[in-house]
Amino acid sequence: MKNIDSYSHTRGESIYVDDIALLQGTLYAVAYDSKIAHGKIKHLSIDAAKAYPGVEAILTYRDIPGENQIGGIIPDEELLAEKEVHFCGMPIALVVAKSQEIAEAAAKLIVVDFEILEPITDAREAARKNKLILPPRTFQIGDTASQWSNCAHIIEGIAESGGQEHLYIETQGAYALPLENGTIKIYSSTQGPTAVQRTVAKVLGVPMHKIEVDVTRLGGGFGGKEDQATTWAVMAALACKKLKRPVKCILDRMADLRMTGKRHPYSSDFKIGLSNDLKIIAYEATFYQNAGAAADLSPAVLERTLFHANNCYSIPHTKVTAFSCKTNLPPNTAFRGFGGPQGMFVIEAAIVKAAEKLGIDASVIQQKNLLQDGNVFHYGQVVSGCEAINCWNTATKLFQFEKERTAVNEFNKSNSLLKKGMAIMPICFGISFTKTLMNQARALVHVYTDGSVGISTGAVEMGQVVNTKMLQVAASIFSIATSKIKVETTNTTRVANTSPSAASATADLNGKATQLACEAIKKRLLKRAAVDLNANENELELKDECVLHKNTPTELTWNKLVMSCYLNRESLSESAHYATPEINFDASKEKGHPFAYHVYGTALFIVTLDCLRGTYETDAVKIVHDYGESMNPFIDKGQIEGGLVQGIGWMTMEEVIYNKEGKLLSNALSTYKVPDIYSVPKEITIHPLKTHGSELAIFKSKAVGEPPLMYGIGAYFALRNAVLAFNPSVKMELNAPLTPEKILMNLYA
Ligand code: LUZ
Ligand code: MOS
């Protein structure tokens, strides 16, 4: 089934926040943000801005009726700065005016007198000065300290990965409308409607029932709108409450780049020990996460780094520690993979460094240490349903690794200015929110008297095509045409207390809730059918909009049956709740069974490097991916392609740069390079490995949102191999992204 949004997307008719028809009297809010990264506000002068024609109000923290607090995990983030600013881009005042242009012009008239304080932009420097978001955490299994003496080879090093801009096509924004009796309705481009509702209520000092949040769809989120969409919804709602007028707050691209957080840069130390037969015996790593100026989701991101520190390898002695470091950058946040990619990059770097020292190919070490059922993850979960070896072996055979390697070597022997590089990237990604409590969802299903169906869930459509999957679930349970079903907007008054659409788990959680609601209605329908047909309920089923009795169609159609239920005063609606069974995690022991299941895969990368220019092309990426029993292979393939390319971008070209004063230099698309049609791999082959799936995946169709991003790490190591083919003696750092500039320096170092 194709994306139900494809028709309106293609025609440009899909509605995003900025497309909503405006109510009369709508005002525009623009945040005035700090131009310095760290300092005390000595004086804020807003008079000139206030006097600007068309300005309705300039709001500061003094205008906040409730708490000036938007921190999600830790209450450490002011909506509007009171006495101090902690990052360039931190909102200080909100200008509300008759038009966007007026608000922007007036904002330029605001003047702040600062006492400038020294900013910290480096995670390790913050750690040295003990500026941490929370105390560090350590996950361990076995006893690394006692094992180093048993290792034949010990390799240590440093690996670093950079930030990444989400670059959702739709920038952050919200539109708040005053309804009666102090109620405010907010259209928000958020992955977390409940987070918006909760935080708006807190800042405005009203109960949550006064706030309704509605989401039709997002033009992309990638994690950037899991937590950080809230800020702009609160801004719009605050102005709406103060002025009793509809207020729009939408960021232009440069404001969005400047003021919002990104993927966390990490700097990490590693130590890996191998036996003579190349088994990894021990692994230690210390991760320094650059959290930015407030916690945001950093503690949860940090946790997922620790969970994914071993990627898909069985390492009996592991000790990994992570520091969340407070710096004067915009608070960094969720980004597809959520800390997992940063952890996986380090173990891959360690393996590659070990392989280089031993003069062997990294794939030899990778292959020898793949996880299998019965192993234990370092966080205590027993490995089961493991597809790591299955994916690796299938890829080896299908894509003929050895033949490819020989071809690359032959090419490199006969070419001096072009060099090819090859790398293999296996992945393992845990599915579930690491906070067990967040693994819950609800759905509300109505069957209308004409036989059509409306579904509401907590799932937010952000281009991942989750609404289509929800529709498929209902269509399959009821066995009715998909055209009979509509997926409603995501609205906090219909489905409450939702977890954000995140962690690759949205289709599973909301799909299971939808399944339960549909099954409950179906049960009532079949009970009615048994009465109407004077038959045994167990001999009836719904098939193609008809009731079958002992597999034979009866005259009772779906539509007739629905009407019969209504006429007999039976409910055609159901609200259902789903909470993932089996999962748990004890943070006091750092042990448990946090994930419903894991997703596996193996990617082969081949790149060609122009050794004169430092430019490169990805010739091919060939992937064997663990789909389970995909409920929509076409959509899942799209997610894999998108994740792959986004991962390649992070690893090879996207470079978030702040200067020492904490000012964003890569502040536009002229200076921040993302993959385009020219830089994507020339060939992407995805082999869907049909596996057992998992009972905890919706219809055994495994989650597909985040896992493929980590394939992109392979691009880094393939490029590294190409550089080494040209300049074997270079001492290359393990520092991503590997941009053409960095490559050029290494080619001739
Ligand atoms: N968000 C979250 C996530 O709150 N918890 C998670 O475990 C997670 N994982 C991936 C992406 N977003
Ligand atoms: Mo996400 S990084 O699943 O919002």
Side-chain angles (χ1 to χ4, degrees), residues 16-18 28-38 70 77 79 81 85-92 94-95 100 103-104 107-108 119 121 161-174 188-191 218-233 235-236 248-265 290-294 296-298 327-336 462-463 645-646 649-650 652-676 737 739:
Y16 300 84
V17 173
D18 205 25
Y28 297 78
V30 168
Y32 172 81
D33 60 301
S34 176
K35 307 292 176 268
I36 67 163
H38 194 195
I70 58 168
E77 190 176 357
L79 176 72
V85 292
H86 304 285
F87 62 92
C88 272
M90 181 171 180
I92 298 172
L94 190 66
V95 182
Q100 181 77 21
E104 283 169 10
K108 294 204 173 81
T121 57
S161 59
Q164 186 177 23
E165 164 57 39
H166 301 87
L167 215 83
Y168 23 66
I169 295 175
E170 180 197 24
T171 55
Q172 303 274 7
S188 166
S189 181
T190 180
Q191 291 173 239
L218 277 51
F222 308 114
K225 297 170 181 171
E226 182 175 336
D227 214 53
Q228 298 207 356
T230 302
T231 314
W232 318 105
M235 297 282 188
K248 229 171 143 164
C249 179
I250 296 193
L251 302 188
D252 67 40
R253 180 63 66 185
M254 286 185 81
D256 191 305
L257 293 172
R258 182 176 78 240
M259 292 196 267
T260 68
K262 316 191 186 303
R263 182 188 294 286
H264 297 77
N290 192 330
D296 193 276
L297 290 163
S298 298
T327 61
N328 296 106
L329 299 181
N332 286 316
T333 193
F335 195 137
R336 201 173 192 172
M462 48 186 144
V645 171
Q646 201 166 32
W650 170 53
T652 66
M653 59 197 298
E654 299 183 38
E655 198 169 25
V656 177
I657 305 178
Y658 293 92
N659 67 11
K660 286 265 177 291
E661 284 74 49
K663 196 173 151 65
L664 182 68
L665 300 181
S666 50
N667 66 346
L669 291 179
S670 53
T671 48
Y672 184 77
K673 299 294 183 187
V674 289
D676 59 17
T739 58

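From a predicted model like this one, the values you see are computed outputs, not experimental measurements.
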Side chains of Leu664 and Leu329 in contact at under 4.5 Å (non-hydrogen atoms): no
Kindly write out the residues that satisfy salt bridge (Lys or Arg N to Asp or Glu O under 4.0 Å) with Glu77, not counting sequence neighbours, or none if the list is empty. none
side-chain contact (heavy atoms from CB on, under 4.5 Å) between Gln100 and Asp252, intermediate numbers included: CA-CA 10 Å; Gln100 181 77 21; Asp252 67 40; 5.6 Å; no
Measuring only between side-chain heavy atoms, which start at C-beta, is Gln228 closer than 4.5 Å to Asp296? yes
What do the steps show when you test Thr171 against Ile250 for side-chain contact (heavy atoms from CB on, under 4.5 Å), and what is the final call? CA-CA 7 Å; Thr171 55; Ile250 296 193; 4.0 Å; yes
To check you understand the geometry: which heavy-atom pair defines the closest contact between Ala37 and Gly662, and what is its length? CB-CA, 4.1 Å
Under the rule for side-chain hydrogen bond (donor to acceptor under 3.5 Å, both in side chains), what residues qualify as partners of Thr231, not counting sequence neighbours? none
Can you list everything that forms a salt bridge (Lys or Arg N to Asp or Glu O under 4.0 Å) with Asp18? Sequence neighbours excluded, please. Lys248
Can you list every side-chain hydrogen bond (donor to acceptor under 3.5 Å, both in side chains) pair that touches residues 658-675, not counting sequence neighbours? Glu654-Tyr672
Using every non-hydrogen atom in the two residues, find where Gly89 and Asp33 come nearest and quote the distance to one decimal. CA-OD2, 3.1 Å
Determine the minimum heavy-atom distance between Met254 and Ala668, stating which atoms define it. CE-CB, 4.3 Å
side-chain hydrogen bond (donor to acceptor under 3.5 Å, both in side chains) partners of Ser298, counting only residues at least two apart: His264
Between CE on residue Met235 and OG1 on residue Thr230, distance to nearest 0.5 Å: 11.5 Å
Set of residues satisfying side chain to side chain contact (heavy atoms under 4.5 Å, CB included) with respect to Ala81, sequence neighbours excluded: Ile41, Glu78, Val85, Met90, Ile92
Is the closest side-chain heavy-atom distance between Ser161 and Trp650 below 4.5 Å? yes
What residues form a salt bridge (Lys or Arg N to Asp or Glu O under 4.0 Å) with Lys108, not counting sequence neighbours? none
Answer whether the closest heavy-atom distance between the side chains of Thr260 and Trp232 falls below 4.5 Å. yes
Under the side-chain hydrogen bond (donor to acceptor under 3.5 Å, both in side chains) rule, collect the residues that match up with Asn328, sequence neighbours excluded. none
Any Ile36 side-chain heavy atom under 4.5 Å of Pro119 side chain: no
Phe87 side chain near Pro331 side chain, heavy-atom distance below 4.5 Å: yes
Of all residues at least two apart in sequence or in a different chain, which pass the ring pair (Phe, Tyr, Trp, His ring centres under 6.0 Å) check with Phe335? His166
Which residues pass the side chain to side chain contact (heavy atoms under 4.5 Å, CB included) test with Thr739, sequence neighbours left out? Glu655, Pro737, Glu741, Lys742
Considering all heavy atoms, the nearest Met259-Leu251 contact: CE-CD2, 4.1 Å
I would like to know whether Leu218 and Tyr168 meet side-chain contact (heavy atoms from CB on, under 4.5 Å); could you show each step before the answer? CA-CA 9 Å; Leu218 277 51; Tyr168 23 66; over 6 Å; no
Quick one: pull up CZ in Arg336 and CD in Gln164 and give me the separation to the nearest 0.5 Å. 9.5 Å
Residues which pass salt bridge (Lys or Arg N to Asp or Glu O under 4.0 Å) with Glu165, listed by chain and number, not counting sequence neighbours: Lys262
Minimal non-hydrogen separation, Ala174 against Ala233, with atom names: CB-CA, 3.5 Å
Smallest heavy-atom separation, Val30 atom then Ala107 atom, equals CG1-CB, 4.4 Å
Salt bridge flag under 4.0 Å for residues Asp227 and Lys225: no
Partners meeting side-chain hydrogen bond (donor to acceptor under 3.5 Å, both in side chains) with Thr327 (sequence neighbours left out): Asn290
